[in-house]
Each structure stands twice: as C-alpha cells, then as structure tokens.
There are 2 protein chains.
Amino acid sequence: MAADPSSFKEKKVITIGIVSELTGLSERQIRYYEERKLVFPERTPGGSRRYSFVDVEQLVEIANKIEDGVQTYEIRQEMIKEKKKHKDEAHKKMIQGQLNARFGVRKY
Amino acid sequence: MAADPSSFKEKKVITIGIVSELTGLSERQIRYYEERKLVFPERTPGGSRRYSFVDVEQLVEIANKIEDGVQTYEIRQEMIKEKKKHKDEAHKKMIQGQLNARFGVRKY
DNA sequence: CGTGTAAGGAATTCTGACACG
DNA sequence: CGTGTAAGGAATTCTGACACG
C-alpha cells in the first residue's frame, strides 16, 4: 500500500553527468538547485553526487517552474508545505491506527 | 501488458562503481562477465560503462551460478535458450494477432 | 577459468571564484 | 538570482598485461 522502500526509483545511483543527460540541465544548474536545498543527492565515499530517478523527475519540475519565473526560494516553500501536508496525513493515519488497535476494527 | 519500455529498471544509468557496491562484486568481475557476454552495459561518449537495475539483478544471479561451479560459457548457453524461448513466444503471439486480424476475434 | 593487481592514461566530478545582470 | 566558465585537484573508470592455477 505504501511506497516500496526498496523501490528502484528512489535509489541514489545516478551520477550528475547522467542526470544532466536525462534532464537536459547543465551540471551547474543541478548543483545550484542542491545549494538552494531543492534536491538532496547522496554522496559516494569519494564525494561524488548520486541521484535517484525521483530526483531526476523533481529536477525537471524545478526547471520548469524556474522557466515560469518562480524563484528557488518559492519553490522551496512549496516543497516544505507539501512535506507538511504529507506529515499531517501520516499523523492522521497513525492516530487512526492507534484507535483501531485500541478499540478493534473490522478490516473487511 | 508488455514491459514498459521506458521502465526505470531498464535504463542504463549506473556506473560500475555503484554496481560494485550494489552487488558486492568487484569491478574486475563485472567487466569479466561482460567480456564473456553475460551483461551488456551501454557506454557514455567518454567510454564509461552504464548499467541498469535489471543488469544489476542479473549480475547477482550470474555470480550465484558461478559460485555454484557453473562456468560462464554454460551460463551464456542458458541465456541464449531463454532468449529463444521468449522469441518463440513472441512469434506465437504475433501469429495469433495476425489470425485475429484476418478472421476477427471477440476480445471479451 | 575466474579473479587480483599494478600501470598509465583519459574521462568525470568537485569546489570556490569571477562574470553578467 | 540563476547560470556560464576557466582552474586545479581529486576520484572514477578504462584497457592490456602479468600472475595464479
């Protein structure tokens, strides 16, 4: 039901050069969006960035917004709101789960 | 019905170093299995290998077979047989499709 | 046969900075 | 603000070869 945690799409395995190919963005742009806290690649022991397919998709969205004149700061605010919404939903679900555990529930 | 051609799992985007981490195999092993025609990474313009998640999964299977004493040549024969089987199935389907087109068919 | 390793070179990536605006 | 670029260095990858067995 929830997203598969071992999902390939979320695995950080793509180098910045490939991401650049995939998105059409320059490496400069990709690194800058990280600086502005819009993407969060992992690092190899040697310090190279590794992105997931989800990151790649988000980078394209970010680039589109910027093309529309949205500033990185605003994009970041949107992202924070999104995150909050998801957290609230998760919280609601958890409460629900606790209630179900406490008072029982028929699953079907 | 068929595998999504734009599937992430099949995109060749992973460098050999990451594949090595993911599989636990040495880069030497990974390159050798390519030499023996068991995996087929793509190349960047610069000549670096790029693997897909499917490749990664297959590499693990290959390594397991080798551990069991199977030789690369035999593994390759198995792969060829597999491919033939798939081709036959595809062929059968195509014939079926042609028959359906020729004489009509109720889909449900 | 399958794998480790040292060797030398080429491609990739990194950071900090200057530039334009 | 967002992006290009030249700069110097470090990490990554490549190939062909020798070694063991």
Side-chain angles (χ1 to χ4, degrees), chain A residues 11-80, chain B residues 11-80:
Chain A
K11 281 216 146 187
K12 309 270 191 176
V13 296
I14 315 177
T15 57
I16 195 166
I18 305 286
V19 173
S20 176
E21 268 184 41
L22 258 33
T23 61
L25 303 175
S26 69
E27 299 185 8
R28 180 68 165 98
Q29 288 174 300
I30 298 169
R31 293 198 188 99
Y32 180 66
Y33 302 156
E34 177 183 5
E35 189 183 318
R36 302 314 312 275
K37 302 199 181 305
L38 300 180
V39 269
F40 306 94
E42 291 182 355
R43 299 276 182 148
T44 59
S48 296
R49 275 167 264 250
R50 303 298 175 192
Y51 300 84
S52 69
F53 281 111
V54 173
D55 291 331
V56 170
E57 290 177 339
Q58 288 185 166
L59 279 166
V60 172
E61 287 179 37
I62 291 165
N64 286 336
K65 287 180 186 170
I66 287 179
E67 264 189 291
D68 292 348
V70 186
Q71 294 197 333
T72 55
Y73 176 79
E74 308 176 67
I75 298 175
R76 179 151 162 69
Q77 296 311 309
E78 290 174 29
M79 284 180 54
I80 291 173
Chain B
K11 282 216 144 187
K12 309 269 190 175
V13 296
I14 315 177
T15 58
I16 196 167
I18 305 286
V19 173
S20 176
E21 269 184 40
L22 257 33
T23 61
L25 304 175
S26 69
E27 298 184 9
R28 179 67 165 102
Q29 287 174 300
I30 298 169
R31 293 197 189 99
Y32 181 66
Y33 301 156
E34 177 183 5
E35 191 182 317
R36 302 315 311 274
K37 303 200 179 306
L38 301 179
V39 270
F40 306 93
E42 291 181 355
R43 299 277 182 149
T44 61
S48 296
R49 275 167 264 251
R50 304 297 176 193
Y51 300 85
S52 69
F53 281 111
V54 173
D55 291 331
V56 169
E57 291 175 341
Q58 288 185 168
L59 280 167
V60 172
E61 286 179 37
I62 291 166
N64 286 336
K65 287 181 187 169
I66 288 180
E67 264 188 292
D68 293 347
V70 187
Q71 294 198 332
T72 56
Y73 177 79
E74 307 176 67
I75 298 175
R76 179 152 162 66
Q77 295 312 310
E78 290 174 28
M79 283 180 55
I80 291 173

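From a predicted model like this one, the values you see are computed outputs, not experimental measurements. To find a chain, count down the sequence lines: A is the first, B the second, and so on, and within it residues start at 1.
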Student: State plainly whether the residues A/Glu78 and A/Lys65 are in salt-bridge range, i.e. N to O under 4.0 Å.
Tutor: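 A salt bridge links A/Glu78 with A/Lys65.
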Student: Could you check A/Val56 against A/Ile14 for side-chain contact (heavy atoms from CB on, under 4.5 Å), going step by step and ending with a plain yes or no?
Tutor: CA-CA 9 Å; A/Val56 170; A/Ile14 315 177; 4.2 Å; yes
Student: Tell me: CD of A/Glu27 to C1' of C/dT15, nearest whole Å?
Tutor: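 Checked: the CD to C1' distance equals 13 Å.
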Student: Between A/Glu35 and A/Arg31, is there a side-chain N and carboxylate O pair less than 4.0 Å apart?
Tutor: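 Looking at A/Glu35 and A/Arg31, the cut-off is not met.
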Student: To the closest 0.5 Å, what do you measure between CZ (A/Arg28) and CD1 (A/Ile16)?
Tutor: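 So the gap between those two atoms works out to 10.5 Å.
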Student: Are there runs of at least three consecutive Watson-Crick or G-U pairs touching DNA chain C, with each pair's two distances under 3.5 angstrom? Give them by first number.
Tutor: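 Paired runs of 3+ in DNA chain C: C:2-5 with D:17-20, C:17-20 with D:2-5.
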Student: Would you say B/Thr23's side chain and B/Val19's backbone share a donor-acceptor pair under 3.5 angstrom?
Tutor: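 Yes; judged by distance alone, with no hydrogens or angles, the pair exists.
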Student: Taking only heavy atoms on the protein side, list every residue of residues 16-24 of chain B lying under 4.0 Å from any atom of DNA chain D, sorted numerically.
Tutor: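 Of all residues in residues 16-24 of chain B, the ones placing a heavy atom under 4.0 Å from DNA chain D are B/Ile16, B/Gly17.
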Student: Which protein N or O atoms sit under 3.5 Å from an N or O of nucleotides 5-10 of chain C?
Tutor:
from, atom 1, to, atom 2, distance (Å)
C/dT5, O4, B/Arg28, NE, 3.3

Student: Return the CZ to CD distance between B/Arg50 and B/Glu42, rounded to the nearest 0.5 Å.
Tutor: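 The distance works out to 10.5 Å.
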Student: How far does CD1 of B/Ile75 sit from CG of B/Leu38, to the nearest 0.5 angstrom?
Tutor: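 That separation rounds to 6.0 Å.
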Student: Can you list, by residue number, the residues of residues 30-44 of chain A that have a non-hydrogen atom closer than 4.0 angstrom to DNA chain C?
Tutor: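 Going residue by residue through residues 30-44 of chain A, the ones with a heavy atom under 4.0 Å of DNA chain C turn out to be A/Arg31, A/Arg43.
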Student: Only one of A/Thr15, A/Leu59, A/Ile30 passes side chain to side chain contact (heavy atoms under 4.5 Å, CB included) with A/Ser20; say which it is.
Tutor: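 The option that passes is A/Ile30.
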Student: In residues 57-66 of chain B, which residues come under 4.0 Å of DNA chain D by heavy atom?
Tutor: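 Close to the strand, none.
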Student: Between A/Ser26 and D/dG4, does any side-chain N or O lie under 4.0 Å from OP1 or OP2?
Tutor: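 Yes, within the criterion.
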Student: Looking at CD1 of A/Ile66 and CD of A/Glu61, how far apart are the two atoms once the value is rounded to the nearest 0.5 Å?
Tutor: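 Those atoms lie 12.0 Å apart.
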Student: If a pair satisfies ring-ring contact (aromatic ring centres under 6.0 Å, His included) and one of its residues is in residues 31-63 of chain B, list it, with sequence neighbours excluded.
Tutor: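 Every ring-ring contact (aromatic ring centres under 6.0 Å, His included) pair that includes a residue of residues 31-63 of chain B, provided the two are not neighbours, is A/Phe8-B/Phe53.
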Student: Does the side chain of B/Thr72 get closer than 4.0 angstrom to OP1 or OP2 of C/dG2 through an N or O atom?
Tutor: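 Yes, B/Thr72 has a side-chain N/O under 4.0 Å of OP1/OP2 on C/dG2.
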Student: Are any of B/Arg49's side-chain N or O atoms less than 4.0 Å away from OP1 or OP2 of D/dC14?
Tutor: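 So the side chain of B/Arg49 is within the cut-off, an N or O lying under 4.0 Å from OP1 or OP2 of D/dC14.
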Student: Please name the pair of heavy atoms, one in B/Pro45 and one in A/Glu21, separated by the smallest distance, quoted to 0.1 Å.
Tutor: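 Heavy atoms only, the tightest pair is CD-OE2, 4.3 Å.
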Student: Can you check whether B/Ser26's main-chain N or O pairs, donor with acceptor, with B/Gln29's side chain at less than 3.5 Å?
Tutor: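 Looks like yes, one N/O pair under 3.5 Å.
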Student: With rounding to the nearest 0.5 Å, note down the distance linking CD in B/Glu57 to CD1 in B/Ile62.
Tutor: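 B/Glu57 atom CD to B/Ile62 atom CD1 measures 12.0 Å (nearest 0.5 Å).
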Student: Could you please spell out the steps behind the side-chain contact (heavy atoms from CB on, under 4.5 Å) verdict for B/Ser52 and B/Lys11?
Tutor: CA-CA 5 Å; B/Ser52 69; B/Lys11 282 216 144 187; 5.7 Å; no
Student: Could you tell me how far apart B/Glu67 (CD) and C/dG2 (C1') are, to the nearest whole angstrom?
Tutor: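 One finds 13 Å between C1' of C/dG2 and CD of B/Glu67, rounded.
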Student: Can you tell whether the side chains of B/Arg49 and B/Glu34 come within less than 4.0 Å, N to carboxylate O?
Tutor: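 Looking at B/Arg49 and B/Glu34, the cut-off is met.
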